[in-house]
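Below is one structure; the comments refer to it alone.
Numbering of ligands and ligand atoms starts at 1, following listing order. Sequence positions, counted from 1, serve as the residue numbers for this chain.
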Amino acid sequence: MRIAVIDYDRCNPDKCGNFLCERVCPVNRMGGEAIIIDEENYRPVIQEASCTGCGICVHKCPFNAITIVNLPEELEEGCVHRYGVNAFVLYRLPVVKDGMVVGILGPNGTGKTTAVKILAGQLLPNLCGDNESWDNVIRAFRGNELQTYFERLRDGEIRPVVKPQYVDLIPKAVKGKVRDLLKRADEVGAFDDVVRELELENVLDRDIKHLSGGELQRVAIAAAILRKAHFYFFDEPSSYLDIRQRLKVARIIRKLADSGKSVLTVEHDLAVLDYLSDVIHVVYGKPGAYGIFSQPKGTRNGINEFLRGYLRDENVRFRPYEIRFTKSSERQSQASDVLVQYPRLVKDYGGFKLEVEPGELYMGEVVSIVGPNGIGKTTFVKMLAGVEEPTKGEVDWELKVSYKPQYIKADYEGTVYELLSRIDAAKLLNSFYKTELLNPLGIPDLYDKQVNELSGGELQRVAITAALIRDADLYLLDEPSAYLDVEQRLAVSRAIRHLMEKEGKTALVVEHDVLMIDYISDRLMVFEGEPGRHGRALPPMGMREGMNRFLASVGITFRREPETGRPRANKEGSVKDREQKEMGEYYYV
Ligand code: ADP
Ligand code: ADP
Ligand code: SF4
Ligand code: SF4
């Protein structure tokens, strides 16, 4: 079975030389019609039945607008929805089960939202044809676990509740005080419990438009939980939250399932997904072209298969390399020469005071910065970047610093290529940077886009690239994982490590994603104190010492998964959790 997908946002028939694909297609040249021109919409259409799959148009199109793939025949009957001719195709759906949290793991653009819209009854799937009724959908899923679900959906017995992905858009849609919003949402009479569990007491009387990202996230989760429904969908519940809040939210969502509800979640922080889910589906395919939901897998095994890039039951390799986690002590660290010693620093904002103990950074190392939200991590990074003046102490070094802020603005007039080539055009052609940074982050595909039209995830990748190609001694990256999907997080982690190792440069990275921290860090800087009031930055320390110190303050223990070496959070109160806490070993056992 062959599918042809054209990204019409990229296709530009005037600039490629008047429908180049149509002119080079061998079938067309022999008088056939694999590619025809849709005169009305002024665009090419590939007729899948006539196309031989030679791939010539794919390689010739200067804008990479065409995807042609051969897929196994047996997928055809799993075809759930196609948005149109030469448009995105979705194969198979995730299971939904009462009393279970089902996690979805995969890159953006592979149909996760489409699947959820179908399960929420907002999109009638066309079954890749011209289907117009739920009865046909029920027939198509006969014998499948979803059959009953769709019957109930058709009969109006299922009420879905969705926690949206982009919580920062909520203030545009909802006005007023947090208390009023949550009171209105409360159909189960659990207002007080939910507010307490999500630690929202202090913001109840605040206007929604004045909330931070992390507060908006928790309000959105609270509003969803307070609704009375059967099916709950949480789209990226961990964004903007610190580690403690992430695991707390995971426990609260789990409780919903324990009370008999069906829960589906998309989550890119693998430690959280792991902690949260009973089963997971890996979604693979090509973003924007097609997506396939794997069979449901046990959480541990599913995440391992994902990291390996190989799905055993499906016999599909979807990534050419494996992701492995090694203890930083086992790494061939080049860190030896001191890059810089920074002095004691103080920043006093009036309401909040940060004290930084003096420390030193080595060449060739990556130091991650961990701590709760509101403890001064960004403030510290800004002082090193020269954006904020310390109240006491001085950052008077000769170092060249490259800084990627937490909140990035898209106020550049011009294309991505213009922006990046102004920073360092040579690096865009350098093969090391191409293989380690630009290609894995999908940057060449963005070159022609206007910077001010990029999505959140695209902008993040461009900002990270812009920071890493700049010639500097010290790279400061504030929350590089925000807005990135799991595949992109892994790509960014690899890029940061490889660049620092190869170039002997130093990176300081503020991060909440534990797998990312584990993967990239040689050492840790732990921030302690009372969020919003005062913070204390300890000097960089070894991973084990740092993680123990940090996780003890959070009250969470992690163990290593034996096959991949990845960290897994222990369930609170489990035997392992209790043992590790007794030994004071919160991370390495
Ligand atoms: P994900 O949630 O995994 O990011 P989506 O389900 O939102 O993926 O979208 C998958 C692909 O489907 C997108 O890349 C987009 O190209 C395509 N798509 C989504 N909505 C539409 C639509 N209404 N019309 C045409 N194509 C769409
Ligand atoms: P983190 O990065 O750990 O989340 P931040 O450094 O962003 O923490 O903020 C720490 C505290 O400092 C917060 O309570 C924040 O409200 C406060 N703060 C940050 N910038 C300013 C500022 N320019 N003026 C006053 N207070 C600020
Ligand atoms: Fe030209 Fe590519 Fe569009 Fe074909 S798909 S018309 S080659 S831009
Ligand atoms: Fe024509 Fe080959 Fe492209 Fe198919 S893959 S449309 S046969 S050029």
Please could you name the atoms of ligand 4 that Val27 approaches to less than 4.0 Å, counting only its heavy atoms? 7 (S)
Are any of the heavy atoms in Gly351 under 4.0 Å away from ligand 2? no
Could you tell me whether the side chain of Glu267 and the main chain of Ser238 form a donor-acceptor pair under 3.5 Å? yes
Test salt bridge (charged side-chain N to carboxylate O under 4.0 Å, His left out) on Lys392 and Glu355 and set out the steps. CA-CA 9 Å; Lys392 274 190 208 154; Glu355 291 174 84; over 6 Å; no
Any protein heavy-atom neighbour for atom 15 (C) of ligand 2 (distance below 4.0 angstrom)? no
Under 4.0 Å from a heavy atom of Asn373: which atoms of ligand 2 are those, numbered in the order shown and with their elements? 4 (O)
List the closest protein heavy-atom neighbour of atom 7 (O) of ligand 2: residue, atom name, distance to the nearest 0.1 Å. Thr378 CB, 3.6 Å
Okay, side chain of Arg23, backbone of Asn18: is any donor-acceptor separation there less than 3.5 Å? yes
Would you check whether Gln406 has a nitrogen or oxygen atom less than 3.5 angstrom from a nitrogen or oxygen atom of ligand 2? no
Ignoring hydrogens and geometry, is there a side-chain-to-backbone donor-acceptor pair from Asp235 to Val162 under 3.5 Å? no
With a cutoff of 4.0 Å, is Gly374 in contact with ligand 2, counting heavy atoms of the residue only? yes
Are the side chain of His268 and the backbone of Val486 linked by a donor-acceptor contact shorter than 3.5 Å? yes
Are Cys79 and Cys128 within a span of less than 2.5 Å, counting SG to SG? yes
Can you sort out which atoms of ligand 4 are near Thr52, meaning under 4.0 Å from one of its heavy atoms? 4 (Fe), 7 (S)
Considering non-hydrogen atoms of the protein only, which is the closest contact for atom 17 (C) of ligand 1, and what is the distance? Phe88 CB, 3.8 Å
Contact atoms of ligand 4, heavy-atom distance to Cys54 under 4.0 Å: 2 (Fe), 5 (S), 7 (S), 8 (S)
Which atoms of ligand 1 are found less than 4.0 Å from any heavy atom of Thr114? 5 (P), 6 (O), 9 (O)
If only side-chain N and O atoms count, and only distance matters, is there a donor-acceptor pair under 3.5 Å linking Glu528 with Ser553? no
Testing the 3.5 Å rule here: is there a donor-acceptor pair between the side chains of Thr299 and Asp274? no
Start with the C-alpha distance between Ser50 and Gln47, add both sets of side-chain angles, then the distance that settles side chain to side chain donor-acceptor pair (under 3.5 Å), and finish with yes or no. CA-CA 6 Å; Ser50 320; Gln47 310 209 79; 4.8 Å; no
Does the Lys NZ or Arg CZ of Arg43 fall within the cation-pi geometry relative to Tyr8 - under 6.0 Å from the ring centre and within 45° of the axis? yes
Quick one: look up the protein heavy atom nearest atom 1 (Fe) of ligand 4 and list residue, atom name and how far away it is. Cys25 SG, 2.4 Å
I need the atoms of ligand 4 closer than 4.0 Å to a non-hydrogen atom of Cys57, numbered in the order shown. 3 (Fe), 5 (S), 6 (S), 8 (S)
Contacting atoms of ligand 4, where contact means under 4.0 angstrom from a heavy atom of Gly55: 2 (Fe), 5 (S)
Where is the nearest protein heavy atom to atom 8 (O) of ligand 2: which residue, which atom, and how far? Gly376 N, 3.1 Å
N/O/S atom of Cys51 inside 2.8 Å of atom 4 (Fe) of ligand 4, strictly under: yes
Heavy atoms only, cut-off 4.0 Å: how does Pro372 contact ligand 2, side chain, backbone, both, or neither? backbone
Any idea which atoms of ligand 2 are less than 4.0 Å away from a heavy-atom of Gly532? 14 (O)
Does the protein come close to atom 1 (P) of ligand 2 - that is, does one of its heavy atoms sit below 4.0 Å from that atom? yes
Evaluate Ile375 for polar contact with ligand 2, using N/O atom pairs at a separation under 3.5 Å. yes
For Ile104, does its backbone N or O pair with a side-chain atom of Lys112 as donor and acceptor, under 3.5 Å? no
Between Lys297 and Glu314, is the closest basic N to carboxylate O distance under 4.0 Å? yes
Starting at NZ of Lys209, measure out to CG of Leu216 and round the result to the nearest 0.5 Å. 13.0 Å
Within the structure, does Gly109 bring an N/O atom to less than 3.5 angstrom of an N/O atom in ligand 1? yes
Consider ligand 1: state whether an atom of it lies below 4.0 angstrom from any non-hydrogen atom of Pro287. no
Counting from 1, what ligand 1 atoms have a heavy atom of Thr113 closer than 4.0 Å? 1 (P), 2 (O), 5 (P), 6 (O), 7 (O)
Any idea which protein heavy atom is nearest atom 6 (S) of ligand 4, and the distance to it? Ile35 CG1, 3.6 Å
Give the atoms of ligand 4, by number and element, whose distance to some non-hydrogen atom of Pro26 is under 4.0 Å. 8 (S)
Cationic N near anionic O, under 4.0 Å, Arg489 to Asp513: yes
Counting from 1, what ligand 2 atoms have a heavy atom of Lys377 closer than 4.0 Å? 1 (P), 2 (O), 3 (O), 4 (O), 6 (O), 8 (O)
Gly288 heavy atoms, cut-off 4.0 Å: which ligand 1 atoms fall inside? 14 (O)
Residue, atom name and distance, where the atom is the protein heavy atom closest to atom 5 (P) of ligand 2: Thr379 OG1, 3.7 Å
Do Asn373 and Tyr240 get their side chains close enough for a donor-acceptor pair, meaning under 3.5 Å? no
Answer yes or no for Arg319 and Tyr284: cation-pi contact, defined as NZ/CZ to six-membered ring centre under 6.0 Å and angle to ring axis within 45°. no
Please round to the nearest 0.5 Å and tell me the distance separating atom CD1 of Ile369 and atom NZ of Lys377. 9.0 Å
Residue selection (non-hydrogen contact nearest atom 11 (C) of ligand 2) among Tyr240, Phe380, Phe352: Phe352
Among non-hydrogen protein atoms, atom 26 (N) of ligand 2 lies closest to Tyr349 CG, 3.4 Å
Lys404 (side chain) donor-acceptor with Asp478 (main chain) under 3.5 angstrom: yes
Give me the residue, atom name and distance of the protein heavy atom closest to atom 18 (N) of ligand 1. Tyr83 CE1, 3.4 Å
